[in-house]
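Bear in mind that the values here come from a model prediction, so they are computed numbers and not experimental data.
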Amino acid sequence: MAKTKEKEIELKPKVDKISDKHLEELQKIVNTINAIQFNIGKIESQKHGALHDLARTQDKIGLMQDTLLKEYGSYDVNLEDGAINWPEEPSKNGVDKPQENEK
């Protein structure tokens, strides 16, 4: 029978704490993660508010379009000079440029 060599395993002594250097490095990493997560939450909160502002403003444009449609017969307006962009051909929804005697 052949003899087998036993492997020697060196065991490090059991310690109760990590080194101050490793602790400081670990704390920096965790603090960085916490700061990034805080900033993400802050940005998401700002995004949420901005989405609500956008929805309110889109509601306002819808109301303004209704007003313009009732007042002028169209809400297709040039935003630079206020000119109504009347279609060249009659529209399918019945909104056409009023005749001169209809104004």
Side-chain angles (χ1 to χ4, degrees):
M1 269 212 260
K3 282 189 176 181
T4 59
K5 284 189 175 182
E6 291 183 24
K7 291 184 180 179
E8 288 186 28
I9 301 174
E10 263 188 60
L11 298 176
K12 292 185 178 185
K14 184 177 176 183
V15 293
D16 293 327
K17 290 175 61 174
I18 62 174
S19 70
D20 289 343
K21 178 183 172 186
H22 286 145
L23 177 61
E24 185 178 326
E25 187 177 347
L26 181 60
Q27 287 171 337
K28 283 181 183 180
I29 293 168
V30 170
N31 287 339
T32 300
I33 289 170
N34 289 340
I36 292 168
Q37 288 175 333
F38 175 81
N39 286 334
I40 289 171
K42 189 171 145 184
I43 292 167
E44 284 296 326
S45 177
Q46 290 171 342
K47 175 185 166 186
H48 183 78
L51 288 171
H52 278 286
D53 291 344
L54 177 61
R56 279 192 296 272
T57 305
Q58 287 172 328
D59 289 343
K60 287 180 182 180
I61 196 73
L63 293 172
M64 186 66 183
Q65 286 175 330
D66 291 343
T67 300
L68 294 174
L69 187 59
K70 288 175 188 171
E71 187 77 23
Y72 302 102
S74 176
Y75 54 81
D76 186 4
V77 176
N78 181 319
L79 293 176
E80 290 182 18
D81 64 5
I84 298 174
N85 300 316
W86 295 109
E88 295 295 321
E89 296 183 20
S91 66
K92 293 180 180 179
N93 67 358
V95 178
D96 298 321
K97 181 176 181 179
Q99 300 299 317
E100 287 299 318
N101 60 358
E102 293 180 331
K103 289 185 179 177

Quiz item: Of all heavy-atom pairs between N85 and V77, which one has the smallest distance, and what is that distance?
Solution: ND2-C, 3.6 Å
Quiz prompt | Approximate separation, where rounding is to 0.5 Å, of I43 CD1 and K47 NZ | solution = 10.5 Å
Exercise. Give the C-alpha distance, both sets of side-chain angles, the deciding distance and a yes or no for salt bridge (Lys or Arg N to Asp or Glu O under 4.0 Å) between R56 and D53.
Key: CA-CA 5 Å; R56 279 192 296 272; D53 291 344; 2.3 Å; yes
Practice problem: Might you confirm whether atom CG of D16 has over 12 heavy atoms from other residues, nucleotides or ligands at distances under 6.0 Å? | Solution: no
Quiz item: With hydrophobic residues grouped by side-chain heavy-atom distances under 4.5 Å, do I18 and I29 end up in a single group?
Solution: no
Quiz item: In terms of hydrophobic clusters joined by side-chain contacts under 4.5 Å, are L63 and L69 together?
Solution: no
Quiz prompt | Residue pairs, two or more places apart or on separate chains, that pass side-chain hydrogen bond (donor to acceptor under 3.5 Å, both in side chains) and touch residues 21-37 | solution = S19-H22
Quiz item: Can you tell me how far the OG1 atom of T57 sits from the CE atom of M64, to the nearest 0.5 Å?
Solution: 14.0 Å
Self-check item: Shortest non-hydrogen contact from Y72 toward W86
Solution: O-CH2, 3.3 Å
Exercise. Report the distance from atom CD of Q65 to atom CD1 of I61, rounding to the nearest 0.5 Å.
Key: 5.5 Å
